[in-house]
Amino acid sequence: MPITYQSETRTFQLDTAHTSYIFRVYKGNYLFHEYWGRRLRPVDLTRLFRTCPTGFSPNWAGSTAPDESLDLIPAEYPFYGTGDYRSPAVEAAFSDGSRLLDLKYVSHAILPAKPPLPGLPSLDGGDATLEVTLADPTTGLTVVVSYTVYEDSDVITRHARVVNTTDDIVRVSRALSASVDLPSMDYDLIGLYGAHLRERQVDRRPLRHGMQALESRRGASSHQMNPFLALAAPNADETAGEVYGATLIYSGNFLAAAEADGFCTTRMQIGLNPFDFSWKLEPGESFVTPEAVLTYSAEGLGRMSRNFHRVFREHLGRVKGTDRPNPIVINNWEATYFDFDEEKLKALIQSCRGLGIDTFVLDDGWFGHRDNDTTSLGDWFVHRGKLPDGLKPVIDCCRENGMKFGLWVEPEMVSEDSELYRAHPDWAIRQEGRPFCLGRNQLVLDLSRPEVVAYLKETIGRLLEENDISYIKWDMNRHITDQYSAGLPADRQPELLHRYMLGLYDLLGDLTSRFPQVVFEGCSGGGGRFDAGMLYYMPQTWTSDNSDAIERLKIQWGTSLVYPPRCMTAHVSAVPNHQIGRVTPFGTRGLVAMSASFGYELNPLSLSEEERAAIAEQTASYRSVSDLVAQGDFYRLASPFEGRAEAGADDAAWMFVSPDRGRAFMVYVLRLATPGAPARRIKLQGLDPQAVYHIDELDADFGGDELMFAGLATPYAMRDFEALSFTLTRKG
Ligand code: GLA
């Protein structure tokens, strides 16, 4: 049984294959967190705790015992006003102005099946679910905290439901998905920060006393910070050491925080950002938080990532079960930008013949009178100046040349210069009578309004019904400002950004279920909304507008901490690179892009015959490893964040291994070459140490033990930005 309850000690134990998570109903009926770590047999852990009575930690109501203070106990779902001064998980206000809560255990249920989270994406399945009901005795407010165990991937998901079981109006101003109190602060905090063109850079630093918050306040999960945090033992690396990881299945404002207190213990939290948020609950109504995904690894960051990857591959919406690799795409954005017409597109499509590409994606500029980015968002009808006979001739041309057709849309946005905005100026997020901010010359549509969501279901649905479209690139090119909705009453304005996400999820749920054959790709100025909420509907995301292979080493490495490589789209683009001007070898661009969902972002018409032949070879070689990229286990071998140039190690390496360890695909990329540097040995991972592997590229056999424990030496005299790949097959 993955979840057990010991009634004598009132202890809950949640077990996965390698981990246990234990908490109990403590004195005073408070939930007390006892343990999260390597798997334990059923156990009474009370011996482990020795609360240290101290001044200024007040007793809970009704007690005078020196150690009976909520300030001292590790809490499961902390609250405000009754002595715990660390950050609460939940805060609520009542109509008499009181904000006090005292949440005590009432009951629990262990369910064989996990109930879905209404209106929110979440993992399906799970081996067992525990719901613990807590209530505030004075007001009667109820909070249900839920846990689902995914045994095989060592994952526990958590969320909470605040139920207004009072006769009063309740305003919830904070409702996090998970809070865990760890017994020490000897951890490094790891987060993924970034910017447009430089997403998900790994940031690791020792945890300090006080609050350390990673968050988004931008109305999207954002380029600037990813909804993820890990606490890792200072010595933890890719293969060893304790790591606690948490992410959120949510695409809007989030908070991921670690707070180390005066007793040197740590509260780790993740959930909806309480910043600019409150939610009004009428009697009988509930508020459900997004779902947090938690994992513990005793084998370093690599195992943490593989746990996330596995649970997403097996249980996350459209990511799951997609055993077939994603299509190889060619996108016209960097080939033409806004400057195209039917003839130009046809020539481009025809030139893809024989290259092994599956899908042609027509990017921005095909609608309204969109010749630049100042106009037409919202007008999802064809730009007759460029495409006088509509999309059909372009789609037909794709078919004739053996490809499917994909289309770019940005449905959440509106340009001031658009029929939609002229008809419905109040559909944009802004306040009437106040000057408003533009971002990339555009406004954000108010998806908290059901009529806007209904309009988009209809309009984008019609586009998909009337045209033979097999791929949608769904973009979102600015963050939200002017947070005001013409559709919400004054006291519900702080609900806007979460209602926006619920509206977006409703829209995406509707379109992806009505058009199951269409592959949806998420995008937000590149990788500005790379999160598990979006991946639930759109199983791949354009990882970054920065398509330079060397920049992508860091971006894709950071992204892989949480998300499976198959969920990242990566394209081979032209050189000099359009974003930073770097010139890298074609083969390097190919191998970096092949380590994700592969495609091209260039104009085949500008290529030499040699380069065309190289593309044909590249697509064929991607097909030979794409099952490994899609379903294999991912191992990071050499970090682009850590290289030492003088050791010949200004580089990056990673590999994919088939589930049966019979095949593997490894990529090594050198950044700047260093003269006189020693041979670089890369230790492989995930192989069978007893087996012998043949490496095609070297036409030689190696022991699995040799490759993993002694390593594979890279050749001398590699040049700047050169890359190598190694394809391994187990012999016998
Ligand atoms: C965003 C996307 C790009 C491209 C442009 C089009 O920046 O990330 O890939 O689609 O929009 O305007």
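Just follow the structure's listing: the first ligand is 1, and inside any ligand the first atom is 1. When a residue number appears, it is its place in the shown sequence, counting from 1.
- Residue Asp364 has at least one heavy-atom neighbour below 4.0 Å for each of these atoms of ligand 1: 6 (C), 12 (O).
- A salt bridge links Arg623 to Asp358: at least one charged side-chain nitrogen sits closer than 4.0 Å to a carboxylate oxygen.
- With salt bridges taken as basic N to acidic carboxylate O contacts below 4.0 Å, none links Asp389 and Arg384.
- Ligand 1 has at least one atom lying under 4.0 Å from a heavy atom of Lys473.
- Ring-plane geometry between His571 and Trp542 is classed as tilted, the angle between the planes lying from 30 to 60 degrees on a 0 to 90 degree scale.
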Evaluate side-chain hydrogen bond (donor to acceptor under 3.5 Å, both in side chains) for Asp417 paired with His369, printing each intermediate quantity in order.
CA-CA 10 Å; Asp417 175 25; His369 53 270; 2.9 Å; yes
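- The nearest heavy-atom contact from the protein to atom 4 (C) of ligand 1 is Asp363 OD1, 3.4 Å.
- Near Gly526, meaning under 4.0 Å from one of its heavy atoms, ligand 1 places the atoms 8 (O).
- Taking atom 1 (C) of ligand 1 as the reference point, the nearest protein heavy-atom neighbour is Asp475 OD2, 3.0 Å.
- With a 4.0 Å cut-off on non-hydrogen atoms, His571 does not touch ligand 1 at all.
- Note on Arg434 versus Asp482: no salt bridge recorded, every NZ/NE/NH1/NH2 to OD/OE distance being 4.0 Å or above.
- Within ligand 1, the atoms closer than 4.0 Å to a non-hydrogen atom of Trp542 are 8 (O), 9 (O), numbered from 1 in the order shown.
- Ring centers of Tyr455 and Trp427: under 6.0 Å apart, within the cut-off.
- The shortest contact between atom 7 (O) of ligand 1 and any protein heavy atom is with Asp545 OD2, 2.8 Å.
- For ligand 1, the atoms sitting less than 4.0 Å from at least one non-hydrogen atom of Asn477 are 1 (C), 7 (O), 11 (O), numbered in the order shown with element in parentheses.
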